[in-house]
Amino acid sequence: SAPGYQSVGSLEASFRFDQGSYLYDPYVGWGVWFADAGAPFDASAYLGVGYTYKGSAHRVREENFEITDYDYFVMDVPASADWKTVVVPYAQLHQEGWGGKSTFNPKNVGNVAFQVRGTSGAQGKVTIDNLMFLTRLPDQPPDMTVMPACPSGHTPLPSSRRAIGG
């Protein structure tokens, strides 16, 4: 736990990599589980996720239950010394490409996860706050139209004035 972005607390993951005898580059991962395979989270009402972070470069992952080879849908996020809000539209998620090809299904979400990869000796931290599902992306127009009080071409209804009690 660490101070958050305009809040009291946040999630902070500190790491120092040591590959040891592991065949692949070391990594660390953490996430937030919303469901299990028997009852996945239906995120189809949303267009993506957003969160505020600072720290090391990392990868955000949307993990769904249709993927069985761990080639989840991801987006890379650059390092930032200052708090920065990132928007992750579902349309910009991609698989890493080493597993079976799949289409992202927002009706079958289990986890929003974060991952940092590196080499032996690398260290750092990532602080995450305000994880949210987004119904609107920042560059989208509003989902409603504000109409004038009296649309042109229409005649307003006459007001009826009636004395109360009379």
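Side chains included, hydrogens not; waters and symmetry mates left out as well; all remaining heavy atoms used.
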I'd like to check Val112 versus Phe34 (side-chain heavy atoms, cut-off strictly below 4.5 Å). Are they in contact? yes

Close side-chain approach of Arg61 to Phe73, heavy-atom, < 4.5 Å: no

To check you understand the geometry: which heavy-atom pair defines the closest contact between Pro138 and Val87, and what is its length? CG-CG2, 3.7 Å

Assess whether salt bridge (Lys or Arg N to Asp or Glu O under 4.0 Å) is satisfied between Lys101 and Glu66, documenting all intermediate values. CA-CA 11 Å; Lys101 184 98 170 115; Glu66 294 164 357; over 6 Å; no

Using the rule given for side chain to side chain contact (heavy atoms under 4.5 Å, CB included), can you reason through Tyr51 versus Val77, listing the C-alpha separation, both sets of side-chain angles and the distance that settles it, and then say yes or no? CA-CA 11 Å; Tyr51 60 96; Val77 179; 3.4 Å; yes

Between Tyr70 and Tyr72, what is the ring plane arrangement, given parallel below 30°, perpendicular above 60°, and tilted in between? perpendicular

For the residue pair Thr135 and Ala45, what are the closest heavy atoms and their distance? CG2-O, 4.1 Å

Are Lys107 and Glu62 ion-paired here, with the side-chain N under 4.0 Å from a carboxylate O? no

Do you see a donor-acceptor pair shorter than 3.5 Å between the side chains of Ser44 and Asp42? yes

Working to the nearest 0.5 Å, report the span between OG of Ser102 and CG of Asn64. 6.5 Å

Donor-acceptor contact below 3.5 Å, side chain Asp71 vs main chain Glu96: yes

Taking the six-membered ring for Trp, are Tyr27 and Phe17 closer than 6.0 Å centroid to centroid? no

Student check: side-chain heavy atoms of Asn108 and Phe41 closer than 4.5 Å: no

Does Trp33 offer a backbone N or O that forms a donor-acceptor pair with the side chain of Glu63 under 3.5 Å? no

Looking at every heavy atom in both Val60 and Phe114, which two are closest together, and how far apart are they? CG2-CE2, 3.7 Å

Say you draw a straight line from CZ of Phe65 to CG of Asn111; how long is it, rounded to the nearest 0.5 Å? 8.0 Å

Report yes or no: does His94 contribute a side-chain atom to a donor-acceptor pair with the main-chain N or O of Met75 at less than 3.5 Å? no

Tell me, with the steps shown, if Lys84 and Lys54 meet side chain to side chain contact (heavy atoms under 4.5 Å, CB included). CA-CA 6 Å; Lys84 185 180 281 187; Lys54 68 177 178 177; over 6 Å; no

Do NZ/NE/NH1/NH2 and the carboxylate oxygens of Arg59 and Asp76 come within less than 4.0 Å? yes

Would you say Leu93 and Trp98 are hydrophobically clustered, going by side-chain heavy atoms of ILVMFWY under 4.5 Å? yes

Kindly state whether the ring of His58 and the ring of Tyr53 have centres lying under 6.0 angstrom apart. yes

Classify the ring geometry of Phe104 against Tyr90: parallel below 30°, tilted from 30° to 60°, perpendicular beyond 60°. tilted

Could you list the donor-acceptor pairs under 3.5 angstrom formed by side chains in residues 120-134, with sequence neighbours left out?
unit_1 : atom_1 : unit_2 : atom_2 : d
Ser120 : OG     : Gln19  : N      : 2.7
Thr127 : OG1    : Glu12  : OE1    : 3.3
Asp129 : OD2    : Tyr5   : N      : 2.8
Asp129 : OD2    : Ser7   : OG     : 2.6

Atom pair CZ (Arg136) and CG (Leu47), whose distance is rounded to the nearest 0.5 Å: 10.0 Å

For the residue pair Gly99 and Asp69, what are the closest heavy atoms and their distance? CA-OD2, 3.1 Å

Cluster link Val116 to Tyr22, ILVMFWY, side chain under 4.5 Å: no

